[in-house]
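In the text below, chain A, chain B and the rest are named by the order of the sequence lines, each starting its count at 1.
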Amino acid sequence: MSTTTAPPSGASQEDLSRLDEHWGERPSLRAWFSTVDHKRIGRRYLVTASLFFVLAGVSALAMRTQLARPESNLLSPQEYNQLFTMHGTAMIFLFSTPMLFGFGNYLVPLMIGARDMAFPKLNALGYWVFLFAGLFMWASLPFGAAPNGGWFAYVPLTDDVNTPGLHMDVYTLGLLFLGIATTAGSINFIVTALKLRAPGMSLNRVPLFVWAIVATAFMVIFALPALNLDNAMLFLDRRFDTRFFDPDAAGNVLLWQHLFWIFGHPDVYIIVMPALGIVSAVLPAFTRRGVVGYVLVVLAIVSISIISFGVWVHHMFATGLPQLSYSFFSAASTIITIPSGIQIFAWLATMALGRVVVKVPLLFLVGFIVTFVLGGFTGTMFALTAFDQQVTDSYFVVAHFHYVLIGGAVFPILAGIYYWLPKITGRMYHEGLGRWAFWLFFTGMQVTFFPMHLYGLFGMPRRVYTYRSEPGWDVWNLVSTVGAYILAAGLLLVLVGVLHAVRRGRPAPPDPWGGDTLEWSTDSPPKPYNFPVLPQVHSLHPTWDEPSRSSMAEGATPDRTLADGRTTLLTSELDGRRERAVRMPESSLQPLLLALAMLVFFTAMLFAWYPVAGAAALAVAVVVAVWLWPPRLPEEELGVAR
Amino acid sequence: RTPPPPPPEIRSGQPERGAALIARYGCGSCHTIPGIDRADGLVGPPLTRFGARSYIAGELVNNADNLQHWIADPQAVEPGTAMPDLGVSAIDAQDIAAYLYTLD
Amino acid sequence: MPAVTPAAAADGSVEAGLLTILLAVAVALLAAGYGRGVHELWARRGAGEVVPVWRVAAFGGGVVVMLAADSGPLATLARGSFAGHMTQHMTLMLVAGPLLAAGAAGLPLSLACPASLRRRLARVRSAPATRRLRRPATTALLAGAVQTLVLWVWHLPAPYVAALDRPVVHVVEHVCFVAGSWLLWAPVLGAARHRLPPPVAVLLLAGTMLPASALGAALTFAPQPIYPLRALGSDPVADQQLAGLLMWAPMDVAVLVATLTVFLRWLLRLQRQQPGEVGPPEAGRPAARAEGVLR
Amino acid sequence: MSAHDLAAATSTEALTTELPAGRSTGWWGMVMFVATEATLFACLLGSYFYLRFQHGGEWPPGGIEQPRLLRPLVMTAVLLPSSLPIVWAERGIRRGERRRLRVGLAATFLLGLTFLGLQATEYAELLHEFTVTTNAYGSLFYVITGFHGLHVFIGLTMVSWLLSASLRGGSFGARRHDRVRNVAIYWHFVDVVWAAILFTIYLSPRLW
Amino acid sequence: MDRTRDRARPRRRPPRRLAGTAVLAGLLPLAGCAGDAPSTLDPAGTGAARVADLWWVLFWISVAVFAEVMALLVWALVFRRGRDVRVRHGQPLRFVAVAGAGVPLVILVVVYALGLRDLAALGAGPGRDATTIEVTGHKWWWEVRVPGVDGATANELHIPVGERVRVRLHAADVLHSFWVPQLMPKTDLIAGEVRETWLHAERAGSYRGQCAEYCGTQHAHMAFRVVAEPRPQFEAWLARLGSPARQPSTDAERRGQQAFLQGTCAGCHAIRGTDAVARMGPDLSDIGSRWSIGAGAVPNDAGHLGGWIVNPQTVKPGSYMPPQPVDAQRLPDLIAYLRSLT
């Protein structure tokens, strides 16, 4: 893979070779398994999440094919139910969040001018756990034991009486397993963004993408425990006969829904927030100016992440809770549209004031705005309880969430793929292929999901494996199915475009777009140590302002190259003042071992091999203990009082 | 689009209408019949490749008259058979038979 | 019901009368002390100097709201139903407390003390233990914990009913609410030198809001009366739900507004101190960088 | 910056040991971990109150007696003070006094172990009365207290891990005590959670 | 007993609905169509009508705001590209705040007020002495009972036209949701609790309803029918619900009844007036006149009935009725008997 190098940095040749020696990795099998480089891990996240996306997408195509005609017989109800559950679960948990975490992993250290994440080994652990958890869940599908209770798995349908077998155990254990990765990743993002920013990058100079990732990480930290608890209770109810959800024994079936949606609603913003961050990161390059109203956008991000914890009951508008609470949640759900509106109009204003450069990433941003706004409108309609009670659990809801999920997450993800492909692979993509992909994807998306509004309003419930022919249902379902294939063709072209770029693409310059953030001021693809000279940041757009750029060329003092060890800088949390240099961990096999031990643990729990599970838990404890064991230092270096 | 012609065994039946009638009378809940939605019953014998069969219900020679007769009134042909009398009119039986003979 | 206005002493019970007098004296002392301290300060430094006028007004408003919540129409409302009572509590916690906190009463009140007491106070304040207590993180954790505990304990049925039955307990309850709220909002609204860093304040407020919302939600969603029927209004379940909502919604709204305001002001201040916006180098970019695809 | 300062700032010990400047990444990591754990416990206790409020009627349901208070109070008296020795130990190692570290950790360990022992005796008594499958109250009681007990156990393994590392020598000193402080944070968290559990499970049924 | 009854007034079509129908004629070709379509936009009762009106308000507001967004977007894409466009570096915070927060806030307050009004109307309930019908959701069929009447039917309930009828909802196993799109928004059936909703139909007719909460394998086939009819017919239905099933009249039917009572059927099903009293499956006392077999799985005719009895698993895979070992000679008799139970 040939690369082009960045403008000559101020670091001396000797410094560069020392940095290479400390950070570089010899290609070997062991290095492949033991790497802790955030760029390799980020790339792996992206590839693995895309793989799960293809699996979930193909499941969706199978579902759409079954639904193309009424009374169709392609899939049995059991198969269909497993497919839509795996489709939803995988899209939400195994594609959206990990994909965006992949972007975060690759870009956050680059954007803030650090050499790696705060906890590189934890980062590697997060990836392995994500991979194993995803495989754990998908592996159940060929055996017909995949989860089949819908992605929100309401009890009592999912308890051991109504769903015997392994289906829901795969779901609960798989999500608990995956939760480890998500939590670890979130803690890592927060600490990285707080402590590893380049000197001078005070909080008001942090790129919006990083703000979005950090807000997301905070939401994960406070939302995910509810899901973990829910799944743990369900697992206990199924396996060990506890009674949390048993109404005959003082339990309550709505407890599941409350806990699930206390997680679930923040989760939809966990999905969409980093994607909106991608929008804010891509837009400046193609409008040649910064996003309008940086402060307002940051405020919108923060307020969404707070308000999103207060609207969960809008998913339970039909369960017959007290009217008063509905009025409250209805108000909260309408209010939450305002931060989204601020962001949308900030981007529109940015486009209106800048000079629009139409390239494939910008096309996807336009597709994002159109689609997401439509989906947001239907969301606001649901916020009115009376309307929601009529259309909830109908295809109207399916239309809403595909509009916001595909509009709000997939379009920005595709924009990000095209935008950062030169940075990640060092190659340019083919513009014509990209445009074809965009138009196919965009039209396919609208053709697939717009009709769902209609047959939802015409009374078609969701999650049905087949339907009787009714006026208005058959035609539009067929249209949806055709659209789904158009959409798949568009995605196929995206895939072709990426492969073509990797194989045949022109070598990319370090900064093909004239981007504004720090990743564009280093090589494509970046060196293992990211920056030969750690930058000093003077503005929100460091690649655009002269002092920040020259700080990387001229300020090559030893305290900025940090070439005598695998080190990076710590800065203060709020205003980014330099604190001290810290040593970063070397690559290690411990993350892989720990993830494997956890995989054994969860597999053993699944099959009720409790002794094996106990042994695996012990192995986990041992690996953690060894991982954290303090290296031995001479006493005087430690400062031990005699 | 012109409707398909009747099969050679039967002169004046309309196979297309027969297919709709089969769905309407619910034959598919007992028989597996190719080309009919959700006709995957396992109660009676499958009617796949019915045009190539020799006997009807193991009793009658498979020709158009016998088939119409059987469909319209199975209890008269074989008293006590499990196939109920579904009140199929003669015209309908003709069209149903026409469809069945298209299954070669 | 204890009430601070003498008119309500017509209840007749001696206990209530005594309490009324005691409370009146306490509130009067508080207001007088604050007034004297402010007067002292302004006399030394000039009017409106150390404690701005709006802070004084806020403190006065807080005292008035505190009195208003315990007498007049609100008190009669509170007698009728649980929801009315909750209105009273929310007034104390969301209006009186923040206003008192905004009054930045620490300096004026200590100035109003006699000199010997003031010296002792200064010694206590500079002791290592109190200094550790006054670290931002500690203060925040403590204030949040106190607020949560006060809210939850007093709204459990037994303490709540006890407060209904015994005027003394009722007074203690209200004092707890005002004090807890004062403590919570002081690091957010108080004098600049005691204020928390804005991100910590945001976390503190959001973190304190969650348990409070949980209590409100629990009351709102409960299908049966949780409290004894005599504590509830004519339609017990509806009364309880309304009360839960009254606890839940205003709390959330107030905290949300406060949080976002604090955050926005902080960001704007940062922007002013360290400007961030620049445009891309359009013309005259260095030659080495001009190879970009976009030009 | 003079050359001398530069040399001081980039010499090896300046890079490999921790200066007392700012919070370390480890501190933030542990605080965030504790935050997510605290949320988990908040959800657990919230579920307790939700089920209790939804149930109406008598609580604990199904004829289970009110939780007895004596032993939990003793357990509180054992667990809450156990934070003091670890604070003392941390202060000590910050000054490089290794003996204080060891003694303090050992004291915390013993107190924690006592707590678990008391909890075991409590379970041994209560399991005759109701179990985790009796009804939702039983499930809540054992899962909440058991989950906290698991946290105490994890805290104890951390403390014993620190203790063995410090007994080895060459592990902690005035310039490296990050791990001690992180374990201390975790341990304080476990204590505070116990206070919340005491209020929720043992005290609140008496306050209806 | 005097029931409150809404006056049956002719539907007043608001102009905006007419206009909406006209504008969307291309997109919603069937929005206003009558007939059996369970469309929420073709309401037949006050509950659904309110929501349909609300929908059109929301629809037009969305069209307007979407037009605004698209106008800005298109303007930027058309006029702000090319070499000679000068980038402007202003920070129009006020524009963003007004367009993104101010205007939406106004719109939202209005919309919220409308929604609250409709929520209150839906929650108002049917009135104290309205007729009550008890509906229990099973996997995957609906059991219908009327308090005070000693009988049950399945997958079909009747209501008097123009009156509000209280429906009390119970869940026998898992969550289901009771939804008649043309009459009333949904209410979920919660295991362990009782939920209430009400139905009101302005015009006689039969309206399709459907379970709208995913409840397992055959959630797709858990439909029911609400028949709105004038009060006398409704009373007649109640009377039929309370009286024994029709006695067999022909030999075949008698043999069929014998087969039913002595075979496996009586172990799960009840037929009023006979020894069959089990409640595991639907009551079959009026199976001959129902609209479908298996809660909408197949139409109710002799052919489907025969196939259903012998092997329901091919008709409705996963349903809780096992394949029945019925004698071949007895099957036609059994069908004849069940068809005679109207």
Side-chain angles (χ1 to χ4, degrees), chain A residues 76-78 81 150 154 156-157 162 247 253-254 288-289 292-293 296 318-320 323 326-327 330-331 334 337-338 341-342 344-346 348-349 351-356 358 366 369 373 377 381 384-387 389-390 392-394 454 457-459 461 463-468 470-472, chain E residues 28 30 33 35 37-41 51 54-55 58 62 66 69 72-73 76-77 80-81 85 87-93 95-96 99-101 104-105 108 112 115-116 118-119 122-123 173-175 177 181 185-188 190-192 195 210 212-220 317-318:
Chain A
S76 74
Q78 289 88 352
N81 294 343
Y154 281 176
L157 177 62
N162 289 296
V253 296
L254 288 180
R288 316 305 307 143
R289 60 154 292 151
V292 167
L296 285 182
T319 51
Q323 297 264 344
Y326 282 163
S327 61
S330 176
T334 44
T337 60
I338 287 184
I342 289 181
I344 292 276
F345 279 96
L348 286 173
M351 290 176 71
L353 295 183
R355 178 161 68 83
V356 178
V358 179
V366 172
I369 290 184
V373 166
F377 287 161
M381 295 176 186
L384 304 180
T385 312
F387 182 72
Q389 286 175 342
Q390 182 68 298
T392 180
D393 269 313
S394 75
L454 304 179
L457 284 173
F458 296 161
R463 296 172 159 182
V464 291
Y465 77 100
T466 185
Y467 52 95
R468 301 277 308 273
E470 295 276 355
Chain E
L28 310 181
L30 300 146
C33 108
S39 168
T40 61
L41 302 183
V51 179
L54 181 63
W55 149 254
L58 296 173
S62 300
F66 188 64
V69 173
L72 264 168
L73 187 65
L77 285 176
R80 299 295 300 174
R81 49 203 285 198
V85 171
V87 176
R88 286 187 236 148
H89 281 291
Q91 287 285 347
L93 289 185
F95 166 76
V96 173
L105 187 64
L108 291 174
Y112 176 68
L116 211 56
D118 287 340
L119 176 64
L122 291 181
D173 33 44
V174 303
L175 308 185
S177 188
K186 301 175 190 60
T187 308
D188 290 356
I190 308 291
R195 291 285 186 252
Q210 169 99 12
E213 180 69 76
Y214 175 62
C215 50
T217 313
Q218 279 297 343
H219 162 66

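- A heavy-atom distance below 4.5 Å is not found between the side chains of E:P181 and A:F458.
- When side chains are defined from C-beta on, E:S39 does not count as touching A:L457, because their heavy atoms never get closer than 4.5 Å.
- Partners of A:R468 under the salt bridge (Lys or Arg N to Asp or Glu O under 4.0 Å) rule, at least two apart in sequence or in another chain, are A:E71.
- Among E:A99, E:G216, E:G318, E:A101, the residue making the largest number of heavy-atom pairs under 4.5 Å with chain A is E:A99.
- When E:P92, E:P104, E:G192, E:G115 are compared by the number of non-hydrogen pairs under 4.5 Å with chain A, E:P92 comes out ahead.
- E:R195 touches chain A through its side chain: at least one heavy atom from C-beta onward sits under 4.5 Å away, while N, CA, C and O do not.
- The greatest number of non-hydrogen atom pairs below 4.5 Å with chain A, out of E:G100, E:P317, E:G123, is found for E:G100.
- Contact detail for E:Q91 and A:G293: the closest heavy-atom pair is OE1-N, 2.8 Å.
- Residue with the most contacts toward chain A among E:T187, E:L116, E:I190: E:I190 (heavy-atom pairs, distance under 4.5 Å).
- Nearest heavy-atom pair across A:P77 and E:Q218 is CG-NE2, 3.8 Å.
- In terms of heavy-atom pairs under 4.5 angstrom with chain E, the leader among A:T392, A:V366, A:T385, A:L254 is A:T392.
- Side-chain contact between A:M381 and E:L54 is absent, with no heavy atoms from C-beta onward closer than 4.5 Å.
- Taking chain A as the reference chain and counting heavy-atom pairs below 4.5 Å, the highest number among E:T217, E:L72, E:D173, E:D118 is found for E:T217.
- Here E:K186 is the residue among E:R81, E:R88, E:K186 with the most heavy-atom pairs under 4.5 Å with chain A.
- Of the two parts of E:L108, only the side chain, counted from C-beta on, holds a non-hydrogen atom closer than 4.5 Å to a non-hydrogen atom of chain A.
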### Query
Hey, mind stepping through E:C215 and A:Y154 against side chain to side chain contact (heavy atoms under 4.5 Å, CB included) and telling me if it holds?
CA-CA 9 Å; E:C215 50; A:Y154 281 176; over 6 Å; no
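- The aromatic rings of A:F387 and E:W55 lie parallel to each other, with less than 30° between the two planes, well short of the 60° mark.
- Applying the ring pair (Phe, Tyr, Trp, His ring centres under 6.0 Å) rule to E:Y214 yields the partners A:F84, E:H219; only residues at least two apart in sequence or on another chain are considered.
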